[in-house]
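Remember, predicted model here, so these are calculated numbers, not experimental data. To find a chain, count down the sequence lines: A is the first, B the second, and so on, and within it residues start at 1.
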Number of protein chains: 2
Amino acid sequence: MSRPSQTSCCQPAKEQADLGPVEGDEADEELATLSKALGHPARVKIVRLLLRRNACVCGDIVDELPLAQSTVSQHLKGLKDANLIRGDVDGPRVCYCIEPRALRRLRALVGAL
Amino acid sequence: MSRPSQTSCCQPAKEQADLGPVEGDEADEELATLSKALGHPARVKIVRLLLRRNACVCGDIVDELPLAQSTVSQHLKGLKDANLIRGDVDGPRVCYCIEPRALRRLRALVGAL
DNA sequence: GTCGCCTATCGTATATTTGCGATGAGTCGG
DNA sequence: CCGACTCATCGCAAATATACGATAGGCGAC
């Protein structure tokens, strides 16, 4: 047994209601960035995984995907660069979780299409 | 003045209500494909343009974007391969329009996240 | 038919993405 | 301090994406 996290990760949930405009050049760039981050099946699966265990997992992701650890780490970096997920260091491991704001933003941008 | 199209393009609008499941491996692939298609600012702009003039435009897209004609054509091909848009030949020009089903599908998939 | 217009495709060059193994950087337990 | 463990990064190879000019093909006007 381990129960390593769930204590100091992904708890803030500060409801920040600001979402920018849904069209214009900046919105286009934003939608493109978020879309590109989701533009690979492995990254979609990671996002889904993080949502299912809405507590954040870490290297369990590697076990769930048929990819090498370094490849998964790279996909995680891609998602993090797009601000879709966050990674908090928790002892020796890293605890990833969804950034709900980005997900809301994506829904708003896609919904505005 | 021209008013070339608006006559034989994008009129069916057959409301087909079937949308597949929103999770599972196939849904992951589908979301990844649609997202990748939107993963470039130029393609986002094209989609927005086609939605604004919801009648379909053709080479006007080239005039609206700071890209060469061949590059725009390539982006259009990308969107068409993802089934996000459709291109109907209308005399010497090609009339592009949004595929509403794909857009609904994208919204459903993103909404299910 | 020939000409001009519009679009797709080809060929090319460059940049980015994707994947892996190997290596480094960090933490915890002894 | 020393291993064991977790994760990020580096280096590399192959594949894909992006952009352009040049070219080919279809259609309408003449």
> Given dA8(C), dT7(C), dC7(D), identify the nucleotide with an atom nearest to the side chain of Y96(A).
dC7(D)
> Which one, dA8(C), dT18(C), dT9(D), comes nearest to the side chain of S73(B)?
dA8(C)
> Report yes if a side-chain nitrogen or oxygen of H75(B) is closer than 4.0 Å to either non-bridging phosphate oxygen (OP1 or OP2) of dA19(D); otherwise report no.
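So the side-chain polar atoms of H75(B) do come within 4.0 Å of the phosphate oxygens OP1 or OP2 of dA19(D), strictly under.
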> Separation of L76(A) atom CG from dA8(D) atom P, in whole Å?
6 Å
> Using atom CG of D88(A) as one end and atom C1' of dA8(D) as the other, report the distance to the nearest whole Å.
16 Å
> Between A42(A) and P92(A), which residue's closest nucleotide on DNA chain C lies nearer the 5′ terminus?
A42(A)
> Should K80(B) and K77(B) count as side-chain neighbours, where that means a heavy-atom distance under 4.5 Å?
no
> Give the nucleotide from the list dG21(C), dG21(D), dA19(D) with an atom nearest to the side chain of A68(B).
dG21(D)
> Please confirm whether the shortest side-chain N or O distance from H40(A) to OP1 or OP2 of dG19(C) is below 4.0 Å.
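For dG19(C), OP1 or OP2 has a side-chain N or O of H40(A) closer than 4.0 Å.
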> Can you check whether R43(B) has a side-chain N or O nearer than 4.0 Å to OP1 or OP2 of dT18(D)?
yes
> From the list dA8(C), dT18(D), dA22(D), which nucleotide is the closest neighbour of the side chain of Q69(B)?
dA8(C)
> Could you give the NZ-to-C1' distance, from K77(B) to dA19(D), as a whole number of Å?
16 Å
> Taking R52(A) first and then E23(B), would you say they form a salt bridge - that is, a charged N and a carboxylate O separated by under 4.0 Å?
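A salt bridge is absent here (no side-chain N lies under 4.0 Å from a carboxylate O).
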> I'd like to know if K45(A) and E64(A) make a salt bridge, using a cut-off of under 4.0 Å between side-chain N and carboxylate O.
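No, this pair does not count.
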> In whole Å, what is the span from the CG atom of D90(B) to the C1' atom of dA8(C)?
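One finds 17 Å between C1' of dA8(C) and CG of D90(B), rounded.
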> When you match Q74(A) and G39(B) each to their closest nucleotide on DNA chain D, which lands nearer the 5' end?
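Between the two, 5'-proximity favours Q74(A).
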> Think T71(A) has a side-chain N or O under 4.0 angstrom from the OP1 or OP2 of dC20(C)?
yes
> May I have the distance from R93(A) (atom CZ) to dC5(D) (atom P), rounded to whole angstrom?
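My rounded result for the distance is 12 Å.
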> Specify the separation, in whole Å, of atom CZ of R86(A) and atom P of dC7(D).
17 Å
> Hey, does L84(A) have a side-chain heavy atom less than 4.5 Å from the side chain of E99(A)?
no
> Tell me: CG of L65(A) to C1' of dG19(C), nearest whole Å?
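After rounding, the gap between these two atoms is 13 Å.
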> CG of L67(A) versus C1' of dA8(D): gap in Å, rounded?
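After rounding, the reported distance stands at 16 Å.
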> Check whether any side-chain N or O of K36(B) sits under 4.0 Å from OP1 or OP2 of dA17(D), and answer yes or no.
yes
> For atom NZ of K36(B), is the number of surrounding heavy atoms from other residues, nucleotides or ligands below 6.0 Å larger than 12?
no
